[in-house]
Amino acid sequence: MDGTLLDADGRVPDALWPLLEELRARDIHFAPASGRQLATLQEAFPDHRDELVFIAENGGYVVRAGEEVSSVAMDRDVVDAVLARLADLAASEDLGVVLCGKASAYIERTDAAFADEAAKYYARLSHVSALAEVDDQILKVAVYAFSDGERVAGALADVRETHQVVVSGAHWVDVMNPGVNKGVALTALQRALGVGPENTAAFGDYLNDLEMLDAAHLSFAMAGAHPDVVDRARFRAPSHTEEGVITIIRGLLEAKDPASFA
């Protein structure tokens, strides 16, 4: 979404709506894949929420046409251990924590600097007195680092020994179960639809997109993408501010052999 599909103002480009209708008419599935929660993705596509596939929470929650395809919840003792580790880290780093559940996302910290940032990505957001008391299936623990996401991720090397610590943006770090990523979700979707990697296009700009790009032969790094994404993708796409995703999809639709698109 951010840095890939959304425009400079963080909105879905108007040009996407007629393109979605064309894709549906040609029996081509469009699947927004994001670290965002399901409710936020559905809010971004209000007229298409019952027909699209949503890969939410970095692959931890997948819904197709309103029906759950898969979800992967973290063990509660692991969640509590991660929260304790982040509380220790907060003594030296300015950070905010979001518990990402199936029913809602939850935050303790309510100052505008953090709460406003969290609200950008979590349409269903609850303020609680203690994250440790949240009663929900937790799909992911998201950390907003006011300094630098990659630095905070590096400080969580001990957590990485048992769980994924993924940098999903310049300031965002996600802690998830092992084996949860957008690529695993995309592969499961391909199996369900009977579509192979050679007939799949994927677009990404940041580190939480790497496995998803691996699952698609038509893998595109957006202009301005993280260097590791550029190295991993087979092709390049114009910037999100230039409607790069829409431009490339239209090119694929017009190509005689999309699998050989270059």
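Within a 6.0 Å sphere centred on CG of Asp116, heavy atoms belonging to other residues, nucleotides or ligands number more than 12. Within a 6.0 Å sphere centred on CZ of Arg85, other residues, nucleotides and ligands contribute more than 12 heavy atoms. A 6.0 Å sphere centred on CG of Asp77 holds more than 12 heavy atoms belonging to other residues, nucleotides or ligands.
Summarising the geometry of Ala201 relative to Phe203, their closest heavy-atom pair is CB-CE1, 4.2 Å, with the distance given to 0.1 Å. Contact between Ala215 and Pro197 at its shortest, heavy atoms only, is O-CB, 3.4 Å. Across every non-hydrogen atom of Val62 and Gly59, the tightest pair is CG2-O, 4.0 Å. A pairwise comparison of heavy atoms in Ala142 and Cys100 identifies CB-SG, 4.0 Å as the closest pair. Here the closest heavy-atom approach between residue Leu125 and residue Ala115 is recorded as CD2-O, 4.4 Å. Contact between Arg236 and Val230 at its shortest, heavy atoms only, is NH2-O, 2.9 Å.
Note that CG of Asn181 is 12.5 Å distant from CG of Leu207, once rounded to the nearest 0.5 Å. Here the CG-CD1 distance, from Leu20 to Ile246, works out to 8.5 Å after rounding to the nearest 0.5 Å. Taking NE2 of His127 as the start and OG of Ser104 as the end, the distance is 10.0 Å to the nearest 0.5 Å. Rounded to the nearest 0.5 Å, atoms CG (Asp75) and OG1 (Thr162) are 10.5 Å apart. Between the NZ atom of Lys120 and the OG1 atom of Thr40 there is a distance of 13.5 Å, given to the nearest 0.5 Å. The distance from the CG atom of Leu210 to the CG atom of Asp228 is 6.5 Å, given to the nearest 0.5 Å.
Taking a cutoff of 4.0 Å between a charged side-chain nitrogen and a carboxylate oxygen, Asp80 and Arg76 qualify as a salt bridge. A salt bridge links Glu22 with Arg250: at least one charged nitrogen is closer than 4.0 Å to a carboxylate oxygen. At a threshold of 4.0 Å, the pair Arg64-Glu67 does not count as salt-bridged, since none of the basic side-chain nitrogens sits closer than that to a carboxylate oxygen.
Within the 4.5 Å cutoff, side-chain heavy atoms of Ile249 are placed close to those of Phe30. Inter-residue side-chain proximity for Arg232 and Val229 is flagged as unmet; no heavy-atom pair is nearer than 4.5 Å. Contact check for Glu108 versus Ser129: no side-chain heavy atoms found under the 4.5 Å cut-off. Two residues are said to be in side-chain contact when any heavy atoms from C-beta on lie closer than 4.5 Å; Leu253 and Leu23 meet this criterion. Here the side chains of Val245 and Met222 are in contact, with some heavy-atom distance below 4.5 Å. In this structure, the side chains of Thr200 and His217 stay at 4.5 Å or more apart for every pair of heavy atoms. The shortest distance between side-chain heavy atoms of Glu57 and Gln37 falls below 4.5 Å. The side-chain heavy atoms of Val98 and Phe114, taken from C-beta on, include a pair separated by under 4.5 Å.
Residues Val63 and Leu193 fall into different hydrophobic clusters, defined by Ile, Leu, Val, Met, Phe, Trp and Tyr side chains chained together at heavy-atom separations under 4.5 Å. Clustering ILVMFWY residues whenever any of their side-chain heavy atoms sit less than 4.5 angstrom apart, transitively, puts Leu5 in the very cluster that holds Trp17. Hydrophobic cluster membership is shared by Phe235 and Ile28, with clusters built from Ile, Leu, Val, Met, Phe, Trp and Tyr side chains linked at under 4.5 angstrom. Val69 and Val184 are not part of a single hydrophobic cluster, where members link through side-chain heavy atoms under 4.5 Å apart. With hydrophobic clusters built from ILVMFWY side chains whose heavy atoms lie under 4.5 angstrom apart, Val53 does not share a cluster with Leu252.
Its side chain within the 4.5 Å cluster rule, Met74 clusters with Val78, Val79, Val82, Leu83, Leu86, Leu89, Leu95, Val97, Leu99, Tyr106, Val128, Leu131, Val134, Ile138, Val141, Val143, Val152, Leu156, Val159, Val165, Val173, Val175 among the Ile, Leu, Val, Met, Phe, Trp and Tyr residues.
Remark: Lys182 engages Asp209 in a salt bridge (charged side-chain N to carboxylate O under 4.0 Å, His left out) (not counting sequence neighbours). Taking His48 as the reference, Glu51 meet the side chain to side chain donor-acceptor pair (under 3.5 Å) condition, with sequence neighbours excluded.
Checking Gln137 against Ser71 by side-chain atom types alone, no donor-acceptor pair falls below 3.5 Å. Side chain to side chain, Ser239 and Glu242 fail the donor-acceptor criterion of an N or O pair below 3.5 Å. For the residue pair Ser147 and Glu93, a side-chain donor N or O sits within less than 3.5 Å of a side-chain acceptor on the partner.
Using bins of under 30°, 30° to 60° and over 60° for the plane-to-plane angle, the ring pair Phe45/Phe54 lands in the tilted bin.
The backbone N or O of Leu6 sits less than 3.5 Å from a side-chain atom of His240, completing a donor-acceptor pair. Using modelled atom types, one side-chain atom of Ser219 and one backbone atom of Arg234 make a donor-acceptor pair closer than 3.5 Å. Proximity of a side-chain donor or acceptor of Lys140 to a complementary backbone N or O of Gly35 within less than 3.5 Å is detected. Here the side chain of His171 pairs a donor or acceptor atom with the backbone of Ala145 at under 3.5 angstrom. Under the 3.5 Å distance criterion, the side-chain polar atoms of Asp7 are matched with a main-chain donor or acceptor of Asp9. A donor-acceptor contact shorter than 3.5 Å is absent between the side chain of Asn177 and the backbone of Val180. Remark: side-chain polar atoms of Glu150 are not paired, donor with acceptor, to backbone N or O of Val167 under 3.5 angstrom.
Close placement of the Trp172 and Tyr121 rings is indicated, their centers lying within 6.0 Å of each other.
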